Undergrad: 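There's a structure below that I have some questions on.
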Amino acid sequence: MPELPEVEVVRAGLHPAVTGAVVSHVAILEPRSLRRHDGPAEDFVDRLTGATLLSAVRRGKFLWFPFVPERVAPGDRSLALVAHLGMSGQVLLRDREQPDDRLLRIRLDLVHPDHGDVRLAFVDQRIFGSMALDVTEPTADGAEAGFSGAGLLGHSEPGDPALVDPARVDAGPGGPGGRPPAWALSIPHQVAHIARDPLDPAFDEALFFSRLAARRSGIKRALLDQELISGIGNIYADESLWASKLHFDQPSSSLSRRKAALLLVEIRAVLLKALGEGGTSFDQQYVNVNGQSGYFSHSLNAYGQQGRPCPRCGTLIERVSFMNRGSHFCPRCQRLRG
DNA sequence: AAACAGCCCTGAGTGC
DNA sequence: TGCACTCAGGGCTGTT
């Protein structure tokens, strides 16, 4: 269930290892993990082998690595390696000497000028995740396509309260006042339709509120729509709605502007807190690039808490099926209104 | 255009 | 011990 905080932890962990690294070898152990790649596995291998990775970038739950191929012809379009973790995907940093992980699907061997050899292992139990090569295009609003550089985690340690201070957000690839490189202003074609996430400095709040007001469907459905607001999955939708005292099926259009603004504040707070705790792990489904679990599962108020007392009022949390997913909520705090 | 059902996918967990 | 069954849900496609 990697959502924004989990994907950001992975991205931040990969960034120093991949930036400036050259891909020396690519192995596809499971072709279905290339479902989003437009072309055969051989094409993926050929174009990526010898390439130099420029950065690790994230928007919502999508991760990508802009790269320069080994051979570049004039007029070639810029490319990126796109990764989505789906439900159970992991990207792990391994030594080449280590035996393969059991559910390894794709393996990239990298040579880094400073860090030496490193192996990037794409592990995915359910094969809902994928990797692909894709052309990039300029962002529609001209702003940076997503988070790169040190990003949200900055130089802090997990648990550092400074993590929840947006003023500490890293200035990005160009540095303070610097002009971002071309790759930072470009987004892979298959990610271009994804909305900016709520931690993105270029997130358009006014657009979010107006689109929310135009929808008659339930608020949870809206929060899970990655074309409206990205990065939120089932866990953080339930947590944000609990924090906002909103019922999952409350029509989006029924929210006042003030209530919608409060919801956005809670969404950001939940995401930042989870980020500071290294993400949400239940078992081995989500781990960082070193295989370590996050701690946010200890901070959950609603998700997976059915049968336990609501931390706010003591009423037992309920779980119902909604949109083919579990929805967890407090029947007293989160009443359907209007 | 928006809403929504259906599909993909398999290891872990459970009950017998 | 082993078998059948259930569960988890993000993103995309197609239909209404």
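Chain naming here is simple, since letters A, B, ... match the order of the sequence lines and numbering starts at 1 in each. The shown structure was predicted, so the numbers you read here are calculated from the model rather than taken from an experiment.
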Undergrad: Can you give the first and last nucleotides of DNA chain B, 5' to 3', that have an atom under 4.0 Å from a heavy atom of chain A?
TA: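 It runs dA3(B) to dA12(B).
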Undergrad: Over the length of the helix from dA2(B)-dT16(C) to dC16(B)-dG2(C), how much do the five-pair end axes diverge, rounded to 10 degrees?
TA: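 About 40°, once rounded to a multiple of 10°.
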Undergrad: If you look at every strand shown and take non-hydrogen atoms under 4.0 Å, does Tyr236(A) touch a base, only sugar-phosphate, or nothing?
TA: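 No contact.
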Undergrad: Within a reach of under 6.0 Å around NE2 of His112(A), are more than 12 heavy atoms found that belong to other residues, nucleotides or ligands?
TA: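 Above 12, so yes.
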Undergrad: Is it the case that more than 12 heavy atoms not belonging to Asp76(A) sit under 6.0 Å from its CG atom?
TA: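 Yes.
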Undergrad: Identify, between Arg32(A) and Asn324(A), the residue whose nearest nucleotide on DNA chain B lies closer to the 5' end.
TA: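 Comparing both residues, the 5'-ward one is Asn324(A).
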Undergrad: Enumerate, atom names and distances included, each donor-acceptor pair closer than 3.5 Å involving a side-chain atom of residues 329-336 of chain A, sequence neighbours excluded.
TA:
from	atom 1	to	atom 2	distance (Å)
Gln334(A)	OE1	Cys330(A)	N	2.8
Gln334(A)	NE2	Leu241(A)	O	3.3
Gln334(A)	NE2	Leu246(A)	O	2.8

Undergrad: Mind checking what makes side-chain hydrogen bond (donor to acceptor under 3.5 Å, both in side chains) contact with Arg126(A), not counting sequence neighbours?
TA: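 Partners of Arg126(A) by the side-chain hydrogen bond (donor to acceptor under 3.5 Å, both in side chains) criterion come out as none, since no residue qualifies.
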Undergrad: Ser186(A): which residues meet the side-chain hydrogen bond (donor to acceptor under 3.5 Å, both in side chains) condition with it, sequence neighbours left out?
TA: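 Once residues adjacent in sequence are excluded, Ser186(A) has no partner under the side-chain hydrogen bond (donor to acceptor under 3.5 Å, both in side chains) criterion.
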Undergrad: Share the residues that join Val287(A) in a hydrophobic cluster, the rule being Ile, Leu, Val, Met, Phe, Trp or Tyr side chains under 4.5 Å apart at the heavy-atom level.
TA: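 Under the 4.5 Å side-chain rule, Val287(A) groups with Leu29(A), Leu92(A), Leu103(A), Leu104(A), Val123(A).
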Undergrad: Mind listing the residues from residues 99-107 of chain A sitting with a heavy atom below 4.0 Å of DNA chain B? Number order is fine.
TA: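 The answer is Arg102(A), Leu103(A).
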Undergrad: For nucleotides 10-16 of chain C, just jot down a letter per nucleotide in 5' to 3' order: B, S or -, based on protein non-hydrogen atoms under 4.0 Å.
TA: BSS----
Undergrad: Give one of base, sugar-phosphate or nothing for Gly129(A), where a contact means two heavy atoms less than 4.0 Å apart.
TA: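 Touches nothing.
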Undergrad: Using the six-membered ring wherever Trp is involved, compare the ring planes of Phe248(A) and Phe322(A) and label them parallel, tilted or perpendicular (cut-offs 30° and 60°).
TA: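 The arrangement is tilted - the two ring planes meet at 30° to 60°.
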Undergrad: Got a sec, which residues hit side chain to side chain contact (heavy atoms under 4.5 Å, CB included) with Arg119(A), two or more places apart in sequence or on another chain?
TA: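 Counting only residues at least two positions away or on another chain, Arg119(A) forms a side chain to side chain contact (heavy atoms under 4.5 Å, CB included) with Arg94(A), Arg96(A), Asp100(A), Arg107(A), Asp109(A).
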Undergrad: Would you mind writing out the side-chain donor-acceptor pairs for residues 300-311 of chain A within the sub-3.5 Å range, not counting sequence neighbours?
TA:
from	atom 1	to	atom 2	distance (Å)
Gln305(A)	OE1	Arg308(A)	NH1	3.0
Gln305(A)	NE2	Tyr303(A)	O	3.0

Undergrad: With the threshold set at 4.0 Å, does a side-chain nitrogen-carboxylate oxygen contact exist between Arg36(A) and Asp134(A)?
TA: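 Judged by the 4.0 Å cut-off on N to carboxylate O distance, Arg36(A) and Asp134(A) do not form a salt bridge.
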Undergrad: Tell me, please, which residues at least two apart from Glu227(A) pass side chain to side chain contact (heavy atoms under 4.5 Å, CB included).
TA: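 Partners of Glu227(A) by the side chain to side chain contact (heavy atoms under 4.5 Å, CB included) criterion, ordered by chain and then number, come out as His193(A), Asp225(A).
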Undergrad: So, using side chain to side chain contact (heavy atoms under 4.5 Å, CB included) as the criterion, who are the partners of Asp141(A) when residues are at least two apart?
TA: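 Partners of Asp141(A) under the side chain to side chain contact (heavy atoms under 4.5 Å, CB included) test: Thr139(A), Ala143(A), Arg196(A), Ala202(A).
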Undergrad: For a salt bridge (charged side-chain N to carboxylate O under 4.0 Å, His left out) check, start with the C-alpha distance between Asp197(A) and Lys61(A), then their side-chain angles and the critical distance, and finish with the verdict.
TA: CA-CA 9 Å; Asp197(A) 62 64; Lys61(A) 306 172 197 171; over 6 Å; no
